[in-house]
Amino acid sequence: MIWLDIKELEYKISRDELTDHHGFEYVMAYVILSSIGVSISTNNANGWIKLLGCVLNVIITVWGLRSIYKVNKGLDGKDFLKRFFAISWVIGMRLLLGVFVFSFLTGLVLVIISRNIAEVNLSENPFKDFISLIFVCLITIISYLLIINSFRRLKVTSPA
């Protein structure tokens, strides 16, 4: 994996020396850094929950991407990036809609509960941050499981 030398990377790409495995390594590095960035940028007040979220996100990401890559390798080992990004996009959009509906309904229930119980203050409760962390981890795991299952359903036909 080339870290800083863009000329060397361009040379390898132009000579078609960048394999699908190399592409997987770049995706893995990019997604890990992205998950760390997202974890750090959360507005959790509790530092331990933020750190736990960061560690869990990296573990889930490494497990998910390696599992997907392994399934793709079992197919024919080709087109990992194309398949991964296309399948991830569709599954991501479907999950986004589901999470939106779930969040709306959960928010509605919380508003009703908080109006009836004046003592409930969820805005500064560390328990809320922990529940949010669990929810994000579950959605991430579900996302990777759906992508893995989608890869498993692919049927690769050999050229005639």
Side-chain angles (χ1 to χ4, degrees), residues 1 3 18-117 120-157:
M1 187 169 169
W3 288 79
L18 196 70
T19 66
D20 217 32
H21 183 75
H22 292 125
F24 167 72
E25 290 173 342
Y26 286 106
V27 168
M28 178 72 85
Y30 179 80
V31 173
I32 287 173
L33 286 179
S34 297
S35 70
I36 290 171
V38 168
S39 296
I40 290 173
S41 68
T42 61
N43 59 358
N44 291 344
N46 189 315
W48 287 105
I49 292 176
K50 189 179 283 196
L51 178 63
L52 178 63
C54 187
V55 169
L56 287 175
N57 272 328
V58 169
I59 290 170
I60 293 167
T61 298
V62 169
W63 162 79
L65 283 176
R66 283 184 176 218
S67 298
I68 294 165
Y69 187 75
K70 186 177 172 183
V71 170
N72 188 66
K73 199 167 185 146
L75 288 170
D76 62 359
K78 297 178 184 175
D79 298 327
F80 172 75
L81 299 177
K82 178 172 61 174
R83 293 170 182 169
F84 174 75
F85 283 114
I87 289 171
S88 296
W89 176 263
V90 173
I91 287 175
M93 288 296 107
R94 295 173 84 178
L95 279 174
L96 179 67
L97 292 173
V99 166
F100 178 73
V101 170
F102 177 79
S103 297
F104 177 76
L105 294 175
T106 303
L108 195 60
V109 168
L110 288 175
V111 165
I112 292 169
I113 290 172
S114 68
R115 287 186 183 252
N116 292 331
I117 303 172
V120 175
N121 183 3
L122 292 176
S123 62
E124 296 186 21
N125 189 343
F127 184 69
K128 177 199 79 154
D129 291 340
F130 186 71
I131 295 298
S132 175
L133 169 67
I134 300 251
F135 181 71
V136 168
C137 287
L138 283 174
I139 292 298
T140 306
I141 290 169
I142 290 168
S143 169
Y144 280 120
L145 287 173
L146 291 171
I147 296 167
I148 290 166
N149 286 334
S150 184
F151 267 75
R152 285 184 179 145
R153 287 191 301 268
L154 294 177
K155 304 286 188 247
V156 178
T157 57

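Side-chain atoms are counted along with the backbone in the values below, which use heavy atoms only and exclude waters and symmetry mates.
- Every residue was checked against the side chain to side chain donor-acceptor pair (under 3.5 Å) condition with Ser103, not counting sequence neighbours, and none meets it.
- Gly23 approaches Leu81 most closely through the heavy-atom pair O-CD2, 3.8 Å.
- In this structure, the side chains of Val90 and Met93 stay at 4.5 Å or more apart for every pair of heavy atoms.
- Looking at every heavy atom in both residues, Leu154 comes nearest to Arg83 through CD1-CD, 4.0 Å.
- Minimum interatomic distance between Ile147 and Ser88 (heavy atoms only, all atoms of both residues): CD1-OG, 3.4 Å.
- Between Leu146 and Leu95 the shortest side-chain heavy-atom distance falls below 4.5 Å.
- For Trp63, the CH2 atom counts as densely surrounded, since its 6.0 Å shell holds more than 12 non-hydrogen atoms of other residues, nucleotides or ligands.
- Rounding to the nearest 0.5 Å places CZ of Phe24 at 11.5 Å from OG1 of Thr19.
- Proximity of the aromatic rings of His21 and Phe80 is defined here by a centroid distance below 6.0 angstrom, and this criterion is not met.
- The structure places CD of Glu25 at 11.0 Å from CG of Asp20, a figure rounded to the nearest 0.5 Å.
- Note that CD1 of Ile36 is 9.0 Å distant from CG of Asn57, once rounded to the nearest 0.5 Å.
- By the 6.0 Å contact criterion, CZ on Phe102 is open, its count of non-hydrogen atoms from other residues, nucleotides or ligands being 12 or less.
- Looking at Arg66, its side chain never comes within 3.5 Å of a backbone N or O of Met28 through a donor-acceptor pair.
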**OP:** Please test Phe84 against Tyr69 for side chain to side chain contact (heavy atoms under 4.5 Å, CB included), starting from the C-alpha separation and ending with a verdict.
**Re:** CA-CA 9 Å; Phe84 174 75; Tyr69 187 75; over 6 Å; no
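- Between the CD1 atom of Ile134 and the CD1 atom of Ile139 there is a distance of 12.5 Å, given to the nearest 0.5 Å.
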Subject >> Val101 and Phe104: CA distance, side-chain angles, deciding distance, side chain to side chain contact (heavy atoms under 4.5 Å, CB included) verdict >> reply: CA-CA 5 Å; Val101 170; Phe104 177 76; 5.8 Å; no
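- Rounded to the nearest 0.5 angstrom, Leu52 CG and Phe130 CZ are separated by 6.5 Å.
- Distance check, rounded to the nearest 0.5 Å: CD1 of Ile60 to OH of Tyr144 gives 9.0 Å.
- Closest heavy-atom contact between Ser67 and Ile148: CB-CD1, 3.5 Å.
- Residues Gly53 and Leu133 approach most closely at CA-CD1, 3.1 Å, considering heavy atoms.
- With contacts defined as side-chain heavy-atom distances shorter than 4.5 Å, the pair Tyr26/Leu18 qualifies.
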